[in-house]
Amino acid sequence: MAHKNHPFHLVDQSPWPLLASMSTFSMMMGLIKWFHLNEMNLIMLSTLTNFLIMYQWWRDVVREGTFQGLHTLKVTLGLRWGMILFITSEVFFFFAFFWAFFHASLAPSIELGLNWPPKQILPFNPLEIPLLNTLILLSSGITISWAHHSIMENNYTQAIQSLGLTVLLGFYFTLLQGYEYMEAPFSIADSVYGSTFFMTTGLHGLHVIIGSTFLSICFIRLYLNHFSANHHFGFEAAAWYWHFVDVVWLFLYISIYWWGS
């Protein structure tokens, strides 16, 4: 570092990318073993190793950015563009599932009885749990913006309160969606309606869990004073991701729950 004459971060050699790839591969094999042999030992083991690798990889990134000062303005700009491109790829990921839904619903085929929802499918009432979940996610969008402004103003107390509230709202959303799935009068095997409904809402639910985990890590880092008014990109990336999750849910609620029912 003594001879460094550029603002870029040349990452040190790390075992985590290779280990994460091997662990994720083991996780996929564990899923197959679970589905076909009904044995969960491999998926449980690989999930544990995945969490251990993630913890240590994120720990190294936090050290580099927070304590070693390696995340310069130029590096942070690269991280911002990386997050923007990642969210863009997620937009197209969900676009594919919305395409499948509208392809099936705008002109229902003869196999669906020329009707949407198909015959014998009883859809959810959009004014019950789906509406409550919409209010929860909109509220969480407000609380995370409150947390962002609190960090910008160096208001530690309000930042902790608002970010903690956002995390709670995220996990509350997941609990309600889990309850909704348990009470569902149809399954993923019930025609294209069940497939598109559970794939789209399920993948969104997975993104909520990932976003809640992201925000939980930020909450711990905020508690440990890792963020300041001019150094908080880790939180900012989590906030961007959470707003993306909010917007996807609004499209989901309007198209699948409300219009599609």
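Below, all heavy atoms of this structure are taken into account, side chains as well, without hydrogens, waters or symmetry copies.
Residues forming a salt bridge (Lys or Arg N to Asp or Glu O under 4.0 Å) with R80 (at least two apart in sequence, or on another chain): E236.
Hydrophobic clustering (side-chain heavy atoms under 4.5 Å, transitive across Ile, Leu, Val, Met, Phe, Trp, Tyr) keeps I142 apart from I151. Under the 4.5 Å side-chain heavy-atom criterion for grouping Ile, Leu, Val, Met, Phe, Trp and Tyr, F235 is connected to W81 within one hydrophobic cluster. Note on W258: it does not cluster hydrophobically with L135, by side-chain heavy-atom contacts below 4.5 Å among ILVMFWY residues. Both I254 and M199 belong to a common hydrophobic cluster when Ile, Leu, Val, Met, Phe, Trp and Tyr are linked at side-chain heavy-atom distances under 4.5 angstrom. Grouping the Ile, Leu, Val, Met, Phe, Trp and Tyr side chains by contacts below 4.5 angstrom, directly or via other members, places L132 with L169.
In this structure, the separation between OG1 on T196 and CD1 on I256 is 6.0 Å, given to the nearest 0.5 Å. One distance of note links CZ of F219 with OG1 of T166; it measures 10.0 Å at 0.5 Å rounding. Taking CD1 of I129 as the start and CD of E183 as the end, the distance is 7.5 Å to the nearest 0.5 Å. The distance from the CH2 atom of W240 to the CD1 atom of I144 is 12.5 Å, given to the nearest 0.5 Å. Considering CZ of R221 and NE2 of H232, their distance stands at 11.5 Å, rounded to 0.5 Å. Atoms CG and CZ, on L37 and F35 in that order, are 12.0 Å from each other to the nearest 0.5 Å.
The neighbour count for Q158 CD, taken as heavy atoms of other residues, nucleotides or ligands under 6.0 Å away, is above 12. Other residues, nucleotides and ligands place more than 12 heavy atoms under 6.0 Å from the CG atom of L224. Dense packing is recorded around CE of M29, with more than 12 heavy atoms of other residues, nucleotides or ligands lying under 6.0 Å away. Around atom CH2 of W58, more than 12 heavy atoms belonging to other residues, nucleotides or ligands sit under 6.0 Å away. Summarising the local packing, CH2 of W16 is surrounded by more than 12 heavy atoms from other residues, nucleotides or ligands at distances under 6.0 Å. F95 CZ: 12 or fewer foreign heavy atoms inside a 6.0 Å radius.
Counting only distance, with no hydrogens or angles, the side chain of D60 and the backbone of W57 share no donor-acceptor pair below 3.5 Å. Counting only distance, with no hydrogens or angles, the side chain of E90 and the backbone of F86 share no donor-acceptor pair below 3.5 Å. For the pair Q177 (side chain) and T201 (backbone), a donor-acceptor distance under 3.5 Å is present. Put simply, the side chain of S23 gets close to the backbone of S46: a donor and an acceptor are under 3.5 Å apart. Remark: side-chain polar atoms of T72 are paired, donor with acceptor, to backbone N or O of P7 under 3.5 angstrom. Looking only at distances, no side-chain donor or acceptor of N154 sits under 3.5 Å from a matching main-chain atom of Y156.
Side chains of N38 and K33: no donor on one and acceptor on the other come within 3.5 Å. S140 and Y172 share no donor-acceptor pair across their side chains, judged by distance under 3.5 Å alone.
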Candidate pair Y179 and L175, rule side-chain contact (heavy atoms from CB on, under 4.5 Å), full reasoning: CA-CA 6 Å; Y179 175 74; L175 283 173; over 6 Å; no
Stepwise ring pair (Phe, Tyr, Trp, His ring centres under 6.0 Å) test for Y181 and F124: CA-CA 10 Å; Y181 277 12; F124 287 102; 7.9 Å; no
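Between W259 and F102, the distance from one ring center to the other falls under 6.0 angstrom. For F101 and F197, the distance between ring centers is not under 6.0 angstrom.
Ring-plane geometry between W116 and Y193 is classed as tilted, the angle between the planes lying from 30 to 60 degrees on a 0 to 90 degree scale.
Nearest approach of C218 to G234, heavy atoms of both residues: SG-O, 3.7 Å. Contact between I53 and L19 at its shortest, heavy atoms only, is CD1-O, 3.5 Å. Listed here is the closest heavy atom pair of L215 and L163: CD2-CD1, 4.0 Å. What you find for P130 and P126 is that their closest heavy atoms are CB-O, 3.9 Å.
In this structure, S212 and V208 have side chains that are in contact, with non-hydrogen atoms separated by less than 4.5 Å. Using a 4.5 Å cut-off on side-chain heavy atoms (C-beta onward), S162 and H148 make no contact. Put simply, the side chain of T76 does not reach to within 4.5 Å of the side chain of K74, judged on heavy atoms. The closest side-chain heavy-atom distance from P108 to N115 is not below 4.5 Å. Side-chain contact between L114 and I110 is present, with heavy atoms from C-beta onward closer than 4.5 Å. Using a 4.5 Å cut-off on side-chain heavy atoms (C-beta onward), T66 and H231 make contact. The side-chain heavy atoms of L70 and V11, taken from C-beta on, include no pair separated by under 4.5 Å.
For the ring pair (Phe, Tyr, Trp, His ring centres under 6.0 Å) with W249, the lone residue among F94, Y257, F244, W242 that qualifies is Y257. Between H204 and the options Y253, F251, F173, a ring pair (Phe, Tyr, Trp, His ring centres under 6.0 Å) holds for only F173.
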